[in-house]
Amino acid sequence: MNQTQTIQTVFQKSEITEPALFSPCDTTKKIDGFPEICVSTFSENIIQKFSSLSTIHKIAELYTANGVIPVYRIRYKNADIAFYLSRVGAPACVAGFEEIIAMGAKKFVLFGSCGVLDDSSVGDKLIIPVSAVRDEGTSYHYIAPSPEITADPRSVQILENVLSSFGCPYIKGKTWTSDAIYRETLPLIQERRQAGCIAAEMECASMLAAAKYRRIPFIQFLYGADNLSSETWDMRDLAAYGLTNAETYMILAFECGLAL
């Protein structure tokens with residue numbers, strides 16, 4: 001009689017396993033002259049606004065079953081910077097990040113919207129994640145299990161310096177990375193707020209883990225969209241997908257890339 005082997009998922013393992021069967025370099029070609037700095041966001045509106053500029057050139061494409069994602073190059077302060085649209089959700093976002101690194105990127109800046117868990121503290125400020133609660137799955141394939149992952153202090157300081165130099169109000173705090181946007185339940189929101197989380201999103205913990213694993217300098221900042229800090233959901237700017245402040249966000253991201 002066969003005995004059933006007890007299965008350990010990545011959430012129970014004490015360390016990640018190696019080697020991987022295949023790598024991003026097996027699926028994505030390195031591109032000569034690819035910019036060292038790459039910026040990405042989740043807002044298609046922002047990407048379309050910048051990619052339509054006359055000085056922008058398409059330099060590559062990311063291929064997925066969902067369709068092709070163009071990668072563009074912009075010249076900013078005598079530096080070439082790549083930018084593209086990240087897919088929403090940790091697995092797709094990290095996969096794109098991995099392939100961009102394989103193309104040749106060496107520094108990465110990501111920004112996007114989040115749900116606000118503490119509106120009285122956040123208000124209209126930009127959010128600097130200093131750590132992320134790992135309520136997703138992707139990060140566990142890059143670093144060993146832990147309740148949270150911390151951001152690199154140097155990256156946090158660079159982001160602070162850039163925001164301060166542009167006079168942008170900001171708040172530093174913990175973010176909650178979740179895989180299930182429609183399962184942000186009231187009890188769980190309250191639990192995360194009590195743990196000190198000021199924002200909820202779907203990628204930060206995974207991106208911090210992947211960047212740490214690949215040893216890529218990485219910065220992420222968030223802007224509040226919908227409000228989750230009361231029992232009634234407030235959609236707010238969620239429908240605009242960041243277009244209102246598109247230029248500001250992209251310039252801040254470019255400056256962070258130059259400073260990394």
Side-chain angles (χ1 to χ4, degrees), residues 7-28 38-43 62-67 69 71 84-103 105-115 117 127-152 155-156 173-185 188-189 191-192 195 197 199-222 225:
I7 296 176
Q8 269 198 330
T9 69
V10 291
F11 304 102
Q12 284 93 43
K13 290 183 178 294
S14 59
E15 58 185 25
I16 59 171
T17 58
E18 299 290 0
L21 178 62
F22 60 96
S23 74
C25 294
D26 294 319
T27 64
T28 307
C38 186
V39 166
S40 189
T41 183
F42 304 99
S43 172
L62 297 175
Y63 298 95
T64 76
N66 300 130
I69 300 174
V71 181
Y84 73 100
L85 177 71
S86 278
R87 296 289 188 188
V88 173
C93 181
V94 169
F97 169 68
E98 288 269 41
E99 290 163 9
I100 286 291
I101 295 170
M103 288 181 181
K106 294 180 171 56
K107 304 173 183 179
F108 200 87
V109 182
L110 178 67
F111 67 91
S113 65
C114 65
L117 297 183
I127 297 171
I128 299 178
V130 296
S131 63
V133 174
R134 299 171 65 186
D135 257 347
E136 38 65 66
T138 305
S139 69
Y140 294 85
H141 295 272
Y142 287 87
I143 62 172
S146 61
E148 299 178 24
I149 180 172
T150 58
D152 176 57
S155 294
V156 171
K174 186 185 302 184
T175 186
W176 168 32
T177 307
S178 171
D179 271 342
I181 190 170
Y182 291 114
R183 291 300 299 155
E184 294 171 352
T185 63
L188 197 50
I189 289 172
E191 185 177 333
R192 294 294 174 260
C197 294
E201 40 66 46
M202 300 182 71
E203 301 86 14
C204 187
S206 298
M207 286 296 293
L208 288 172
K212 182 176 181 180
Y213 180 82
R214 296 296 181 192
R215 298 181 181 178
I216 296 293
F218 171 72
I219 287 176
Q220 181 171 6
F221 64 87
L222 305 168

Enquirer: Report the relative orientation of the aromatic rings in Phe218 and Phe108; use parallel for angles under 30°, tilted for 30 to 60°, perpendicular for over 60°.
Expert: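 Rings of Phe218 and Phe108: parallel, as their planes differ by under 30°.
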Enquirer: Does anything in residues 84-101 pair up under salt bridge (charged side-chain N to carboxylate O under 4.0 Å, His left out), and if so which pairs, sequence neighbours excluded?
Expert: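 Pairs touching residues 84-101 that pass the test: Glu98-Arg214.
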Enquirer: In the structure I gave you, are the side-chain heavy atoms of Tyr140 and Pro145 within less than 4.5 Å of one another anywhere?
Expert: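 The answer is yes; the side chains approach within 4.5 Å.
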Enquirer: Which heavy atom in Glu201 sits nearest to a heavy atom in Leu222, and how many Å separate them?
Expert: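 Scanning both residues, the minimum pair turns out to be CG-CD1, 4.0 Å.
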Enquirer: Quick check on Gln8: does its CD atom have over 12 non-hydrogen neighbours (other residues, nucleotides or ligands) under 6.0 Å away?
Expert: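 Yes - once you tally the heavy atoms of other residues, nucleotides and ligands closer than 6.0 Å, there are more than 12.
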Enquirer: Quick check: does any side chain N or O of Thr28 sit under 3.5 Å from a backbone N or O of Cys25, one acting as donor and the other as acceptor?
Expert: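 Here the side-chain-to-backbone pair does not exist.
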Enquirer: Measure the spacing between CD of Glu191 and OG1 of Thr185 and express it to the nearest 0.5 Å.
Expert: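 Output value for this atom pair is 8.5 Å.
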Enquirer: Tell me whether Phe22 at atom CZ has more than 12 heavy atoms from other residues, nucleotides or ligands lying less than 6.0 Å away.
Expert: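 No, not enclosed.
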Enquirer: If I take atom OG1 from residue Thr150 and atom CG from residue Leu208, how far apart are they, to the nearest 0.5 angstrom?
Expert: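 Going from OG1 on Thr150 over to CG on Leu208, the span is 8.0 Å.
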Enquirer: Write down the atom of Trp176, the atom of Cys197, and the distance for their closest heavy-atom approach.
Expert: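 Closest pair (atom of Trp176, atom of Cys197, distance): CB-SG, 3.9 Å.
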Enquirer: State, to 0.1 Å, how close Phe111 and Val39 come at their nearest heavy-atom pair, and which atoms those are.
Expert: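 So the two residues come closest at CE2-CG1, 4.0 Å.
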Enquirer: Considering residues at least two apart in sequence or located in another chain, which fulfil the side chain to side chain contact (heavy atoms under 4.5 Å, CB included) criterion with Ala90?
Expert: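 Side chain to side chain contact (heavy atoms under 4.5 Å, CB included) check on Ala90 returns Thr138, Asp179, Ser206.
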Enquirer: Taking all atoms of both residues into account, what is the closest heavy-atom pair of Ile189 and Glu184, and its distance?
Expert: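 Taking every non-hydrogen atom into account, CD1-O, 3.4 Å.
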Enquirer: Where do Ala132 and Thr177 come nearest, in terms of heavy atoms and distance?
Expert: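 Closest approach of Ala132 to Thr177: CB-OG1, 3.8 Å.
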Enquirer: Working to the nearest 0.5 Å, report the span between CD of Glu203 and OG of Ser86.
Expert: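 Atom-to-atom, Glu203:CD and Ser86:OG are 8.0 Å apart.
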Enquirer: Carefully, step by step, assess Thr175 and Gln220 under the rule side-chain contact (heavy atoms from CB on, under 4.5 Å).
Expert: CA-CA 11 Å; Thr175 186; Gln220 181 171 6; over 6 Å; no
Enquirer: Show, in sequence, the C-alpha distance, side-chain angles and deciding distance for Cys93 and Leu110, and conclude whether the side-chain contact (heavy atoms from CB on, under 4.5 Å) test is met.
Expert: CA-CA 10 Å; Cys93 181; Leu110 178 67; 4.1 Å; yes
Enquirer: Using the salt bridge (Lys or Arg N to Asp or Glu O under 4.0 Å) criterion, which residues pair with Lys107? Sequence neighbours excluded.
Expert: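 With sequence neighbours excluded, Lys107 shows a salt bridge (Lys or Arg N to Asp or Glu O under 4.0 Å) to no residue whatsoever.
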Enquirer: Please walk me through it: do Cys114 and Ile127 pass side-chain contact (heavy atoms from CB on, under 4.5 Å)?
Expert: CA-CA 9 Å; Cys114 65; Ile127 297 171; 3.7 Å; yes
Enquirer: Is there a side-chain contact between Val94 and Glu136, using heavy atoms and a 4.5 Å cut-off?
Expert: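 A side-chain contact under 4.5 Å is absent here.
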Enquirer: Using the side-chain contact (heavy atoms from CB on, under 4.5 Å) rule, take Leu62 and Met103 through it: C-alpha gap first, then chi angles, then the decisive distance, then the call.
Expert: CA-CA 10 Å; Leu62 297 175; Met103 288 181 181; 3.5 Å; yes
Enquirer: Locate the shortest heavy-atom distance separating Tyr142 from Tyr213; write the atom from each residue and the value.
Expert: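 Where Tyr142 meets Tyr213 most closely, the heavy atoms are O-CD1, 3.5 Å.
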